[in-house]
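Notes for the one structure printed next.
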Number of protein chains: 2
Amino acid sequence: MAIKKRPRQPKSENRRLDIRDVAKHAKVSIATVSRTINRVPTVDKELADRVWLAISELNYFPNTQARALVSGRTRLLGLLISEITNPFFPELIRGFEDIAVENGYEILIGSTNYHPERMSLAVRRMIERNVEGVAVMTFGVEQPLLEELASRHVPMVFVDSGPPGDLVRPLLVDYRKGIQQGVQHLAVLGHRKLGYISGPSQQRSSQLRTAAFLESLEQIGVTPNPEWIFEGDHTLEGGMRCMEQLLALPELPTAIMCSNDMTAIGGLRVLTRAGLRVPEDISLIGFDDIHLAEFVNPPLTTVRMSRNDLARSAFGALRAIAEQEQGGHPREWKVTTSLVVRQSTGYPRDSALAPAAGTPSTKKKKSSKKV
Amino acid sequence: MAIKKRPRQPKSENRRLDIRDVAKHAKVSIATVSRTINRVPTVDKELADRVWLAISELNYFPNTQARALVSGRTRLLGLLISEITNPFFPELIRGFEDIAVENGYEILIGSTNYHPERMSLAVRRMIERNVEGVAVMTFGVEQPLLEELASRHVPMVFVDSGPPGDLVRPLLVDYRKGIQQGVQHLAVLGHRKLGYISGPSQQRSSQLRTAAFLESLEQIGVTPNPEWIFEGDHTLEGGMRCMEQLLALPELPTAIMCSNDMTAIGGLRVLTRAGLRVPEDISLIGFDDIHLAEFVNPPLTTVRMSRNDLARSAFGALRAIAEQEQGGHPREWKVTTSLVVRQSTGYPRDSALAPAAGTPSTKKKKSSKKV
DNA sequence: GCCAGTTACTAAAGCGTTTTACCACCTAAT
DNA sequence: ATTAGGTGGTAAAACGCTTTAGTAACTGGC
């Protein structure tokens with residue numbers, strides 16, 4: 001008995017525009033169309049022209065899923081962040097999206113909102129979509145999740161953590177230099193009584209910042225006062241809480257450094273409400289340089305960490321891993337920091353340096369237009 | 001002559017984990033595995049159990065691309081926004097991501113940054129990835145792009161604009177009620193001299209808000225003073241600029257409504273710097289209720305538009321279009337607004353109602369913890 | 001005991017690409 | 001003229017899944 005053909009319903013007229021349609025239209029084979037699209041150099045110029053013409057006439061877009069299926073490349077990257085409503089991240093996302101799109105990649109964002117469960121869901125989603133790499137821009141990702149990714153050969157990059165591995169690269173942020181510049185700036189103004197509000201102590205980047213702060217203190221010959229060191233949580237609310245505690249102290253520092261800008265901005269509000277003037281009564285310095293920092297009152301002196309640098313390093317590192325780092329030993333990926341002096345820092349009140357009433361020694365970076 | 005078989009390289013050992021592997025492991029056919037995964041009810045309980053066991057033992061994840069290819073469903077949605085660093089959007093994205101992920105969808109974000117070119121690139125990316133719907137949360141998307149989407153039968157939702165079509169639903173925000181409540185609130189406090197800073201006038205949602213403001217003014221029997229009406233651009237900087245212009249006027253309003261919170265916050269800074277007290281000298285009211293509104297000084301009275309509502313409506317409407325709205329005529333998708341009274345509004349200075357010195361009549365919604 | 005009716009399985013076609021294997025043709029050297 | 005050596009083309013397998021069509025194994029009614 002002959003084998004019966006049982007073709008599926010042809011779905012007839014509702015068919016999607018196909019590579020076959022393009023081939024027919026250009027009067028070449030399917031393979032030629034494919035090679036043209038993928039810019040294989042051996043395609044005859046004249047045929048290629050016909051193909052491009054057909055593509056634009058038919059308004060054809062190749063099917064990404066079919067492409068991914070056969071080529072094994074999805075051109076999808078995962079970006080794992082803590083909390084999209086934290087202003088640090090949108091700026092980072094923007095940079096990452098830019099560089100990814102420039103290179104023909106799409107990004108999948110996973111916000112963990114600090115829930116281990118959401119984190120694991122996000123990682124799962126990324127694996128299911130076959131991302132070609134994951135940039136981990138949050139902390140506390142659990143080991144099993146990382147192993148899950150590793151077992152599927154997904155390249156990963158982390159901020160500040162972990163030794164480089166076959167599939168893993170750390171992104172090294174130069175906290176030391178940045179924080180040191182901030183502390184130096186305060187020291188030059190004459191501050192010797194320095195307070196600090198850290199980020200969450202489990203977070204490695206917080207630890208590094210705190211360590212850098214203490215080290216910088218030592219460099220300027222100041223012994224840290226543990227009473228003036230608080231643990232915040234990198235939120236506005238946390239900054240407010242810490243600053244309230246600090247203000248309850250019998251003796252106050254003359255300057256306070258914060259582990260990030262949101263903390264500093266929270267602290268600034270509390271200071272202002274308590275009737276203290278910044279920088280005349282107390283100087284304040286942040287970290288990150290989020291967009292908002294320029295718009296608080298007074299504009300915040302801070303240490304800038306380039307989100308664009310960070311995003312581009314993350315992307316570059318992921319690509320380097322995927323391409324197996326052809327030349328020599330793995331490159332190091334560094335992210336630079338720099339001091340941005342605005343108006344929240346000035347001479348300490350009791351300083352001999354202070355001209356009259358604590359005018360900042362620095363030029364305004366951007367003066368607000370006066371009416 | 002016999003047809004020669006020319007199988008590709010089997011890639012042997014590096015093969016991805018397959019549905020075939022699961023089938024083999026569970027000792028059933030591929031089809032049974034597929035049906036089990038897709039929860040087709042006719043699968044025998046015992047076989048299904050074997051399949052699930054095999055899946056978890058092998059740690060198998062179905063290939064999304066292959067699935068999408070054959071089923072024609074990508075479970076991908078596009079979200080088109082203006083500017084991710086505008087705090088309104090991260091809150092919206094969060095809501096949209098939540099509802100999407102709950103329903104097994106992934107989202108692709110396209111930030112246009114107000115460039116037509118980026119917009120068209122974003123739409124193109126979405127088409128290439130075969131999104132099943134696009135939520136357009138920005139304005140100025142050009143007609144050809146929309147037609148491009150429509151020609152591919154991609155459902156779309158818009159905020160505030162356009163008539164419903166086969167593939168299109170508008171999301172209706174109840175600006176009238178919200179703005180009316182805000183104006184009423186000011187009227188009750190005794191304000192009759194009201195200023196307004198709008199958003200960009202090309203933007204339909206701005207037009208609607210401005211119209212609602214003027215209408216509300218009429219309701220309370222106040223004739224608008226055109227001198228006190230400014231066109232901002234929904235940014236902090238724009239709010240600052242308009243407020244500076246306003247302050248240059250010989251006579252000031254006693255209260256100012258802003259088209260969004262960023263504008264109000266910018267305005268607030270300018271007022272504060274100019275030495276005016278809010279609300280004692282001038283009342284200020286925003287729109288949106290972004291997270292930051294609660295943390296400026298004084299906390300901003302504003303009209304809340306729920307981003308979560310908006311996100312869920314957008315998702316719901318897209319689904320409804322895709323499912324061809326089985327029952328009756330298309331549902332209307334509304335987004336509610338509500339007044340949030342904080343401390344930036346109070347009695348006008350010259351009001352007889354004012355007890356002593358312009359204390360706000362309202363309870364604090366959330367008092368800051370005092371040290 | 002036979003057949004119609006269910007139920008639940010398996011085999012295999014097909015989704016839209018990429019890519020391999022093969023071949024037809026042209027040119028230039030023998 | 002014959003052949004080696006490119007070029008640049010075509011046909012068809014394979015990617016991993018869904019889904020249709022076909023079928024085997026029961027069940028129960030007559």
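Throughout, a chain's letter reflects where its sequence line sits, starting with A, and its residues are numbered from 1.
- Looking at heavy-atom distances under 4.0 Å, B:L47 makes contact with sugar-phosphate atoms alone, never a base.
- When the P atom of C:dC15 is taken as reference, atom CZ of B:R73 falls 19 Å away, rounded to whole Å.
- Contact annotation: A:T32 side-chain N/O to D:dT10 OP1/OP2 distance is under 4.0 Å.
- Closest to the B:L69 side chain, of the nucleotides D:dC17, C:dC15, C:dT17, is C:dC15.
- When the C1' atom of C:dT18 is taken as reference, atom CD of A:Q65 falls 15 Å away, rounded to whole Å.
- In this structure, of D:dG9, C:dT17, D:dC17, it is C:dT17 that holds the atom nearest to the side chain of A:R67.
- Contact annotation: side chain of A:R35 to base of D:dT10, donor-acceptor pair present below 3.5 Å.
- When the nucleotides D:dG8, C:dT18, D:dT18 are ranked by their closest atom to the side chain of A:V70, C:dT18 comes out on top.
- When each of C:dG16, C:dT10, D:dT18 is scored by its nearest atom to the side-chain atoms of A:R16, the top-ranked nucleotide is C:dG16.
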side-chain contact (heavy atoms from CB on, under 4.5 Å) evaluation trace for B:N63 with B:R16: CA-CA 10 Å; B:N63 181 316; B:R16 195 196 137 95; 3.7 Å; yes
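- Comment: B:D98 does not engage B:R94 in a salt bridge, judged by the lack of any side-chain N to carboxylate O separation of less than 4.0 angstrom.
- At whole-Å resolution of the value, CD1 in B:I37 and C1' in D:dT19 are 14 Å apart.
- Checking each of A:I19, A:I37, A:L17 against A:I55 for a side chain to side chain contact (heavy atoms under 4.5 Å, CB included) leaves exactly one that passes, namely A:I37.
- In this structure, the NZ atom of B:K24 is 13 Å from the P atom of C:dA11, given to the nearest Å.
- Checking C:dT18, D:dC15, C:dT19 against every side-chain atom of A:A31, the shortest atom distance belongs to C:dT19.
- The interatomic distance linking B:R50 (CZ) with C:dC9 (C1') rounds to 12 Å, in whole Å.
- Spacing between atom CZ of B:R75 and atom C1' of D:dT18 amounts to 15 Å, rounded to whole angstrom units.
- Minimum atom distance to the side chain of A:A66 is reached by C:dG16, of the listed D:dA12, D:dG16, C:dG16.
- B:L17 places its CG atom 15 Å from the C1' atom of D:dC15, with the value rounded to the nearest Å.
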Given the rule in the side-chain contact (heavy atoms from CB on, under 4.5 Å) test, do B:L167 and B:V154 qualify, once you have shown the distances and angles that lead to the verdict? CA-CA 7 Å; B:L167 289 166; B:V154 179; over 6 Å; no
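- Picking from D:dT10, D:dC17, C:dG16 the nucleotide with the shortest atom distance to the side chain of B:D18 gives D:dC17.
- Nucleotide D:dC26 holds its P atom 13 Å from the CG atom of B:D44, rounded to whole Å.
- Cation-pi check for A:R152 over B:F61 is met; the charged atom lies under 6.0 angstrom from the ring centroid and within 45 degrees of its normal.
- Checking the phosphate oxygens (OP1, OP2) of D:dT18, a side-chain nitrogen or oxygen of B:S34 falls inside 4.0 Å.
- Of the candidates C:dA11, C:dC9, D:dT18, C:dC9 carries the atom nearest the B:V43 side chain, counting heavy atoms from C-beta on.
- Salt-bridge annotation for A:E106 and A:R129: absent, with no side-chain N of the basic residue lying under 4.0 Å from a carboxylate O of the acidic one.
- Residue A:N63 places no side-chain N or O under 4.0 Å from the OP1 or OP2 atom of C:dC15.
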